[in-house]
Undergrad: 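This is the structure, below, for whatever I ask next.
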Protein chains: 2
Amino acid sequence: MKHYTIKDIAKKLNVSISTVSRAFNDKYDIKKETKELILKTAEDMGYIPNPIAKKLSQKRSLNIGVVVPEFINEYYSEIVIALQEFLISKGYQVLVMQSDENEEQELINAQTLINNMVDGLIVAPTTGNRNMKYYQDRIKEGYPIVFLNRIEESVPVSKVVFNNMKWSFFATEHLIRQGYKKIYHLSGYKDLSVSYERIQGFKKAMNKHHIPKENYKIIETGLLAKEGMEVIEDLIYHHDVPDAFFCVNDMVALGAIRKLKDNGYKVPEDVAFVGFTETRMAELVTPQLSSVKQPTFKMAKKAGELLIERIEDENAPIETIVMNGEFNIRQSSVRESSIL
Amino acid sequence: MKHYTIKDIAKKLNVSISTVSRAFNDKYDIKKETKELILKTAEDMGYIPNPIAKKLSQKRSLNIGVVVPEFINEYYSEIVIALQEFLISKGYQVLVMQSDENEEQELINAQTLINNMVDGLIVAPTTGNRNMKYYQDRIKEGYPIVFLNRIEESVPVSKVVFNNMKWSFFATEHLIRQGYKKIYHLSGYKDLSVSYERIQGFKKAMNKHHIPKENYKIIETGLLAKEGMEVIEDLIYHHDVPDAFFCVNDMVALGAIRKLKDNGYKVPEDVAFVGFTETRMAELVTPQLSSVKQPTFKMAKKAGELLIERIEDENAPIETIVMNGEFNIRQSSVRESSIL
DNA sequence: AGTCATTTCGGAAACGTTTTCGGTATTTTT
DNA sequence: AAAAATACCGAAAACGTTTCCGAAATGACT
């Protein structure tokens with residue numbers, strides 16, 4: 001059951017391998033009948049072209065690599081799904097590697113994909129990030145890369161980002177306008193660019209409404225429910241539970257809510273919540289969770305488009321796309337929960 | 001900035017390319033000093049070996065392909081993470097492709113990975129599945145494949161599966177023992193092997209406890225929250241809401257719970273719930289959701305082990321591993337919610 | 001000093017394609 | 001009917017490695 005090659009086909013039909021090759025890539029001169037004959041016997045023999053050899057002699061693979069920091073948090077799952085949907089429609093296949101929020105793994109992932117000759121790379125960097133030199137070098141060589149979220153400004157490359165600051169500002173202002181006096185922000189990792197930007201939005205809202213410093217606080221957390229729970233434990237211990245929380249994402253919010261409920265607090269009556277990067281859970285939990293929805297599909301598609309432009313035209317302009325979302329207000333952050 | 005090759009190194013040092021090659025794969029005879037010299041100058045020149053060429057002449061890539069049906073539902077995300085953790089520790093890199101529950105895409109994914117010369121494949125098939133012939137052919141050729149979940153018995157291949165029937169039986173029996181009289185099962189796609197097995201477990205429990213046929217029902221659904229909601233709408237419309245639901249997964253349960261709550265039902269006082277394939281949400285929602293936890297990490301690791309055995313030894317025995325989990329009882333399925 | 005074993009290396013084939021170049025055979029043009 | 005143009009095809013180089021085979025150099029042993 002060994003694999004046939006174009007040589008086998010050539011021998012069988014008494015033609016040259018170049019003719020066989022031509023039959024498969026019809027851009028070269030070949031008579032219609034011989035082409036059909038070759039294709040037919042290839043089919044019959046069960047010939048499968050070897051893409052490795054193809055890649056070695058050509059320079060494209062029609063594969064695209066995607067590196068994401070994690071996909072435990074639904075967001076990147078959606079990104080990948082959307083990316084794949086778009087890129088497949090353009091004739092590419094999508095190879096995904098996840099970095100587990102680990103910089104070194106991310107570097108290995110990017111290298112593995114590039115070494116496997118994917119035609120381009122879409123990277124959503126993990127927190128950190130000390131790999132920028134590697135990316136810079138590749139970009140200088142002309143390698144097509146597009147970044148998604150979590151961006152270092154230092155790299156001259158196309159990117160698609162969410163306007164975290166703006167929507168963080170809106171979400172925070174909403175809490176203020178609802179009359180909550182003491183509002184804490186559970187921020188995620190501070191050295192994560194998205195967290196940083198959301199912190200800026202939070203602060204901006206506080207400043208605009210002249211909230212005194214003692215009435216707000218920014219608490220660094222991770223991105224998981226567990227970490228939301230830990231913060232709440234700590235705050236309860238210190239008798240420092242505020243009126244409202246604005247959280248870096250839904251999972252942190254849900255963890256915090258769980259812990260508060262377990263300690264007899266009512267949400268939203270005692271403590272209000274707003275999440276971010278809305279997940280499907282926001283509508284399913286009780287109370288339903290207010291959250292900022294990111295246009296995941298649009299962002300992924302745009303990143304795909306930018307990458308393909310770059311692959312097909314080396315001089316395609318470098319663009320930075322800043323996207324907006326929507327803020328969905330639900331029961332978890334309104335004073336009179338009956339009005340919703 | 002063009003890429004250097006071993007030829008360039010050879011020319012620069014006045015040695016042959018075979019010597020250079022030897023320097024990198026130290027299994028062949030080479031003097032220590034020349035080896036070090038070569039490695040050093042290669043380093044200085046910024047030489048990057050071309051894995052495509054390597055794959056073409058060797059037959060291994062140290063890459064492993066993983067095909068999953070989706071990763072919107074946390075379960076396969078965890079599987080992939082665990083798989084990656086294990087396989088990386090064994091020196092492999094992991095390329096992931098997701099099929100979006102689409103058989104044709106799954107076939108393309110498997111082909112793409114195999115054609116890219118991954119050393120082996122781990123496949124969790126989508127519902128269906130008409131691709132078995134393709135897999136069978138590859139397996140006959142000696143290609144290392146391991147299946148995960150959702151298995152057709154027809155294929156002679158190593159597989160790792162969860163004992164769905166047993167734990168479905170336990171979960172159902174728990175509801176019966178709690179005194180719920182009318183219990184419906186939201187089953188997922190019936191032609192999905194895991195759904196089928198869970199249905200069997202459900203029926204077995206019903207038979208064992210002599211529940212009359214009019215007191216239970218199996219309702220086919222999808223795997224998403226939305227589909228749980230739709231079922232509830234329908235049941236409410238027909239005034240056919242039972243005492244308890246056993247659901248194919250947590251998302252369907254959460255969707256159903258949401259819809260019931262929106263219509264004034266109380267969970268678990270009016271309607272009890274048990275999920276399956278426990279997610280992190282089970283502990284976060286209110287009421288906390290009873291669910292069957294699958295040993296995701298163990299299953300993934302075992303699948304990885306089986307694959308590696310097979311890669312390294314063509315005659316490794318074919319094994320079917322059936323795994324067990326745990327049933328976590330929470331508020332959503334107990335009569336007196338105070339006792340928990 | 002001669003034989004033999006060992007270490008170290010170069011030449012070249014091989015992996016499976018694509019693609020350039022040039023050469024026939026065929027057709028069209030004059 | 002000769003010349004020119006075109007259609008078709010084969011030979012061979014190229015892509016960047018690994019690895020087999022044999023040769024040269026070195027060292028060990030009689």
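Here is how names work: the chains are called A, B, and so on, in the same order as the sequence lines, proteins then strands, and each is numbered from 1. In this text, all values refer to a predicted model and were calculated from it rather than measured experimentally.
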Undergrad: Would you mind classifying the nucleic acid contact of A:Ile6 as base, sugar-phosphate or nothing, using non-hydrogen atoms under 4.0 angstrom?
TA: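 If one applies the 4.0 Å heavy-atom cut-off, A:Ile6 turns out to touch a base.
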Undergrad: Which part of the nucleic acid, if any, lies within contact of A:Pro51, taking any heavy atom under 4.0 Å across all strands shown: a base, the sugar-phosphate backbone alone, or nothing?
TA: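 No contact.
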Undergrad: With the side chain of B:Val15 defined as its heavy atoms from C-beta on, choose the nearest nucleotide among C:dG10, D:dA12, D:dT19.
TA: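 Nearest listed nucleotide: C:dG10.
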Undergrad: In whole Å, what is the span from the CD atom of A:Gln58 to the P atom of D:dC15?
TA: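 Answer to the nearest Å: 14 Å.
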Undergrad: Between A:Lys32 (NZ) and D:dT6 (P), how many Å, whole number?
TA: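 In whole Å, D:dT6 P and A:Lys32 NZ are 21 Å from each other.
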Undergrad: Is it the case that the ring center of B:Tyr135 lies less than 6.0 angstrom away from the ring center of B:Phe147?
TA: yes
Undergrad: Given atom CD1 of A:Ile30 and atom C1' of C:dT24, what is their separation to the nearest angstrom?
TA: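 A:Ile30 atom CD1 is separated from C:dT24 atom C1' by 16 Å.
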Undergrad: Want to settle it: does A:Lys54 or B:Ser57 sit nearer the 5' end of DNA chain C, counting the closest nucleotide to each?
TA: B:Ser57
Undergrad: Measure from the side chain of A:Asp29, starting at C-beta and using heavy atoms only, and say which of D:dC8, C:dT8, C:dT17 lies closest.
TA: D:dC8
Undergrad: Does A:Thr19 place a side-chain N or O at less than 4.0 Å from the phosphate oxygens OP1/OP2 of D:dC9?
TA: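 It does not, given that no N or O in the side chain of A:Thr19 lies less than 4.0 Å from OP1 or OP2 of D:dC9.
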Undergrad: Hydrogens and angles aside, do A:Gln105 and A:Asn109 bring a side-chain donor and acceptor to less than 3.5 Å of each other?
TA: yes
Undergrad: Looking at C:dT18, C:dT8, D:dC15, which one has an atom nearest to any side-chain atom of A:Leu56?
TA: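 Selected nucleotide: D:dC15.
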Undergrad: In whole angstrom, give the distance that lies between atom CD1 of A:Ile52 and atom C1' of D:dT17.
TA: 12 Å
Undergrad: Check the phosphate of C:dC9 against B:Thr34, side-chain N and O only, distance under 4.0 Å to OP1 or OP2. Yes or no?
TA: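 Yes, B:Thr34 has a side-chain N/O under 4.0 Å of OP1/OP2 on C:dC9.
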Undergrad: Categorize A:Ile9 for me: base, sugar-phosphate, or nothing, with a 4.0 angstrom heavy-atom threshold over every strand shown.
TA: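 Nothing, no heavy atom under 4.0 Å.
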Undergrad: Among D:dG16, C:dG10, D:dT18, which nucleotide has an atom closest to any side-chain atom of B:Asn50?
TA: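 It is D:dG16.
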Undergrad: Tell me whether the centres of the aromatic rings in B:Phe24 and B:Tyr47 are closer together than 6.0 Å.
TA: yes
Undergrad: Separation of B:Asn25 atom CG from D:dT19 atom C1', in whole Å?
TA: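 It works out to 10 Å between those atoms.
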Undergrad: Rounding to an integer number of Å, can you tell me how far B:Asn14 CG sits from C:dG10 P?
TA: 9 Å
Undergrad: Counting only side-chain nitrogens and oxygens, does A:Tyr47 get under 4.0 Å of the OP1 or OP2 atom of C:dT17?
TA: yes
Undergrad: Would you kindly say whether A:Ser21 and A:Ser18 are connected by a side-chain donor-acceptor distance under 3.5 Å?
TA: no
Undergrad: When all nucleic acid strands are considered with a 4.0 Å heavy-atom cut-off, which category describes A:Ser21: base, sugar-phosphate, or nothing?
TA: base
Undergrad: Closest nucleotide of DNA chain D for B:Ala53 versus for B:Ser18: which of these residues is on the 5' side?
TA: B:Ala53
Undergrad: Measure from NZ on A:Lys55 to C1' on D:dG16 and round the result to the nearest Å.
TA: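 Spelled out: NZ on A:Lys55 to C1' on D:dG16 is 14 Å.
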Undergrad: Of the candidate nucleotides C:dT18, C:dA12, D:dG10, which contains the atom at the shortest distance from the side chain of A:Ile17?
TA: C:dT18
Undergrad: Would you indicate what A:Asp8 reaches in the nucleic acid, counting non-hydrogen atoms under 4.0 angstrom: base, sugar-phosphate, or nothing?
TA: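 Nothing, no heavy atom under 4.0 Å.
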Undergrad: Considering only NZ, NE, NH1 and NH2 on the basic side and carboxylate oxygens on the acidic side, decide whether A:Lys302 and A:Glu305 come within less than 4.0 Å.
TA: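 Salt bridge between A:Lys302 and A:Glu305, a charged N being under 4.0 Å from a carboxylate O: yes.
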Undergrad: Please tell me whether B:Glu78 and B:Thr296 have a donor and an acceptor in their side chains that are separated by less than 3.5 angstrom.
TA: yes
Undergrad: Quick check on D:dG10: is either OP1 or OP2 less than 4.0 Å from any side-chain nitrogen or oxygen of A:Ser16?
TA: yes
Undergrad: How many Å lie between NZ on A:Lys31 and P on D:dG10, as a whole number?
TA: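 For the pair A:Lys31 NZ and D:dG10 P, the rounded distance is 11 Å.
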